[in-house]
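Read the structure below first, then the notes.
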Amino acid sequence: MLYLFSVRYSGAEGRAVMYFYDDEGGTLRAVPDHSGHKPYLLTELPPEELLEKYPEVVRHPGFNKLDVVEKYDALSDRWVKMTKVEALDPLSIGGSPKSIREVLRGHTWESKIKYHHCYIYDRQLIPGMPYVLTNGEPKPVEVEVPESIRRLVKSLSEDKIQEEEMLEWARLLNAPIPKIRRIAIDIEVESEAFRVPSPKLAEDRVIAVSYYSSDGKRGVLLLRRRSEDEEKSINIPGAEVRFFDNEKDLLHAVFTLLDSYPVVLTFNGDNFDLPYLYSRALKLGFKKENVPIVWSEKAEYAELRNSIHIDLYKFFTNKSMKVYAFGNKYREGQTLDEIALALLGKGKVKHEDTIPEMSYEKLAEYSFRDAELTYELTAFSDDLVMKLIILMMRISKLPMEDLTRHNISAWIRNMFYFEHRQRGWLIPNPEEIIQQKGETSTKAIIKGKKYLGAIVIDPIPGVYFNVLVVDFASLYPSVIKTGNLSYETVRCPHEECKKNIVPGTTHWVCTRKKGMMSSLIGILRDLRVYVYKKVAKESKDDEEKQQYEVIQSALKVFLNASYGVFGSEAFPLYCPPVAESTTALGRYAILKTMRRAVDLGIPVLYGDTDSLFLWNPTQEQLEKLLQSILDELRIDLSIDKEYKWVVFSERKKNYLGALKDGRVDVKGLVGKKRNTPDFIKNLFTDITSALSQAENITSFEESIEKIREDIKRAIRLLKEGEIPLDQLAFNVVLTKDLEEYNKTTPQHKKAAQQLLMEYRKLYGSVPMSVTRGSLVSYIKTRDKQGVKHLQLARIDEVDVEKYLEVMKTTLEQVLDALEISFDELLGVSPIDEFLRPQQK
DNA sequence: ACGAGTAACGC
DNA sequence: GCGTTACT
């Protein structure tokens, strides 16, 4: 079968070219689009007026023709006549200052036509979906939806139309996912130490290129630079090593490889590997047509002429991917080493020599590992990431190159735009939404925020046994669905709807029409919660089970961001009242549930946004609560967690609990935060795990003796200087570049500056980058600065006193709540004992 | 270039 | 009291 992966505009052919992946041959097929569909803009100016006011439009060399079309304007709830201005190619429509869009500025509706996507939309071809070619025309492959899913869909939908809509989504999600033949590439260049090679100038030789493919082609291409003796001993397990006398031949071999795979994977290939190969090749005298890389300085990404290039650096630094798909397992997600260690448990090859100094063998090993890791990032868990990409292409309707390079707001934007075009709706201009629906009616608690957010209920401090946590599964998508929230339905133009107020706001919601966002997000939510999670759990077939798992997690990525985008100015359907109404309905739901629980006699200990902590409810009380909330709010409340015990302090978002299955759950406490020194973090973990053994109040007492010993030992080691420096380091991320800290000088900035200064002294230049996103490790010291970068500090400079204080405040977060005094715990306070002589 | 709310700490 | 970070 053929799977649509991408569509590009070909200037040479004057039309779009569709790229299909043929899963039988494992090849990419370019199919020219002969449908006659052209990119277009819409304007409310009637044709005569347009011709009169903007005669240059029809004289534009890219102009094709004018048409009148009927479109639904959701903001005014009317069908309107629009003039469709068609162009011969995407470039004449948007982008350049001389484009038709610029000429018509202020009149265009479809202001975001970019690249080629309009071709796909009008043809209703969906990226990632299977097709067959009939006389060169792609026809969708019929997708069978299993009976079990059909039944679930039927039971969920309110009417026939909605059932059909849901089934359409089910076909999209259930369509087969191809195994993708692909190759990962990594290059090394001969640059001097501490100089970042420029991909534009490409001054240094390419000395190694590694590749690692899905069909077993794996190896390293090396440039011969010194005596041949070294060559004989090279053995890299799993890799074929080839030497080239001449760089040009090496590049030629690389280009042949690139050309023979439908998908090429790199890590940072957009900014380094591919532009470098491109510039280097031209520099060595290659003709452009013999280089399969398409690149220019202002290009957004490096494209390959005959394949799809995925830059995994861009994909894995995408916040949604980090947070939702991988549970935030890696933090900055900046380096291949870090991401690979987190997801694969294997990092880059460590090395001491610089790249040009390395032996052939070391260089090959180092480079090959990079290619291997790059490939493995897409291959682990049975090609999980490739499958996720295909599914998210289908949901967002974005081609593979675009999906992997853009953030969630672009995915959701594209999903909604597609829906507009499908239904014959106009895509509203951002300014019009703001103009008609701009205002908010609530006041945010946090300074600088636009509207009121979630509720956090004050915890009741103490230790509680048998605590049950109930939560709303995806609360915000649920209230968007049940509240009929959408940019066109909130503050709609109908007089009779103004009575239908969103509690806690001055907004009203349409009672006549179903909102697009509401219906789409509702369908995706129901499919995830009631269909795919369920069939994934019940499926006996491993492969099928995995596909359902991938589907539900792909849906999760979209649902989790579906509320946030409406509160973001960068989102073109930005609509503050929608975002504000969402949190308002969320607050309404949680407060209502809390009141109901109290009425039923269940003590509520704590709650945050979408969850409530209930103290020892009876089965009957619980069932009543869940049922009455489902009946009344039409949002299902379910049991999330069960604790043997939970400890609350007076602080919100701070608690410690032991789950029924024996795990400990620590939220928000400093002892868990990643900037806390490992030494304290480890001690904290020891204490919480000792506590987790406790089944009742008396066994708490027994744990305390062990805790006492742990703390005493830690203090002794600290005083004796036995704790290694790295265990004492605070680890804090620079969220801005150094120069931007102009209001204050935080400690991590100080430490970063010290390090840079030291390197300048040693090398005259700065070898590493200390920029936005870097993690800075520092030690608290006794000198005037009070802080030293980990790499510059000595063990005898450690400010033991400060560390004891940090230790105390950190541990007290747990001990306080248990009514254990840190000092008392230690009997004669070793801290005082230690501090006294020092203070004199 | 997805939201708001909370805590802690240094300046 | 504000700025910054990490967390929910």
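Just so we're on the same page: letters track the sequence lines, and every chain starts at 1. Keep in mind that what you see is a predicted model, and the values were worked out from it rather than measured.
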Could you give the [atom1]-to-[atom2] distance, from [X] to [N], as a whole number of Å?
X        : N      : atom1 : atom2 : result
A/Ile446 : C/dT4  : CD1   : C1'   : 14 Å
A/Tyr778 : B/dC9  : OH    : P     : 11 Å
A/Lys319 : B/dA1  : NZ    : C1'   : 11 Å
A/Tyr741 : B/dG10 : OH    : P     : 16 Å
A/Phe648 : B/dT6  : CZ    : P     : 16 Å
A/His748 : C/dA6  : NE2   : P     : 7 Å
A/Lys449 : B/dT6  : NZ    : C1'   : 13 Å
A/Arg413 : B/dA1  : CZ    : P     : 14 Å

Report task. For A/Asp608 and for A/Lys447, find the nucleotide of DNA chain C with the closest heavy atom, then tell me which residue's nucleotide is more 5'. Result -> A/Lys447
Query - Pairs meeting criterion salt bridge (charged side-chain N to carboxylate O under 4.0 Å, His left out) with involvement of residues 440-460 of chain A, two or more places apart - result: A/Lys450-A/Glu569, A/Asp458-A/Lys652
Query raised in the report: Closest approach of A/Ile408 and A/Ala561, non-hydrogen atoms and distance?
Result: CG1-CB, 3.4 Å
Requested in this report: Can you see which heavy atom on A/Asp799 is nearest to which on A/Arg782, and at what distance?
Outcome: CA-CG, 3.6 Å
Measuring from the side chain of [X] (C-beta onward, heavy atoms only), which nucleotide among [options] has the closest atom?
X        : options              : answer
A/Ser568 : B/dA4, B/dC2, C/dA6  : B/dC2
A/Gln747 : B/dA7, B/dG5, B/dG10 : B/dG10
A/Asn407 : B/dC2, C/dT4, B/dC11 : B/dC2
A/Ile445 : B/dT6, C/dT8, B/dG10 : B/dT6
A/Ala561 : B/dC2, B/dG10, B/dC9 : B/dC2

Classify [X] by what it touches in the nucleic acid, base, sugar-phosphate, or nothing, heavy-atom distance under 4.0 Å.
X        : answer
A/Gly564 : base
A/Thr745 : sugar-phosphate
A/Ser562 : nothing
A/Tyr451 : sugar-phosphate
A/Lys780 : sugar-phosphate

Query raised in the report: When the aromatic ring centroids of A/Tyr803 and A/Phe730 are compared, is their separation below 6.0 Å?
Result: yes
Requested in this report: Verify whether the ring centers belonging to A/His748 and A/Tyr741 lie closer than 6.0 Å.
Outcome: yes
**Report entry** 4.5 Å side-chain heavy-atom contact, A/Lys780 and A/Val798
**Finding:** no
Counting only side-chain N and O atoms of [X], is one of them less than 4.0 Å from OP1 or OP2 of [N]?
X        : N      : answer
A/Lys652 : B/dT6  : yes
A/Lys750 : B/dC11 : yes
A/Ser409 : B/dC2  : yes
A/Thr809 : B/dC9  : yes

Query raised in the report: Charged N to carboxylate O below 4.0 Å: is that the case for A/Arg405 and A/Asp270?
Result: yes
Report summary line: Which of A/Leu790, A/Leu755, A/Asn675, A/Leu734 passes side chain to side chain contact (heavy atoms under 4.5 Å, CB included) with A/Val776? It is A/Leu734
**Report entry** Any residue of residues 452-460 of chain A with a heavy atom less than 4.0 Å from an atom of DNA chain B
**Finding:** A/Leu452, A/Gly453, A/Ala454, A/Val456
**Report entry** Whichever of A/Ala444 and A/Ala570 has its nearest DNA chain B nucleotide further upstream toward 5'
**Finding:** A/Ala570
Using a 3.5 Å cut-off and no angle test, enumerate the donor-acceptor pairs between side-chain atoms of residues 572-584 of chain A and protein atoms at least two apart in sequence or in another chain.
from	atom 1	to	atom 2	distance (Å)
A/Glu580	OE1	A/Ser441	N	3.1
A/Glu580	OE1	A/His507	NE2	2.6
A/Glu580	OE2	A/Ser441	N	2.7
A/Glu580	OE2	A/Thr442	N	2.5
A/Glu580	OE2	A/Thr442	OG1	2.5
A/Ser581	OG	A/Pro577	O	2.6
A/Thr582	OG1	A/Val578	O	2.6
A/Thr583	OG1	A/Leu452	O	2.8
A/Thr583	OG1	A/Glu580	O	3.0
A/Thr583	OG1	A/Arg587	NH1	3.4

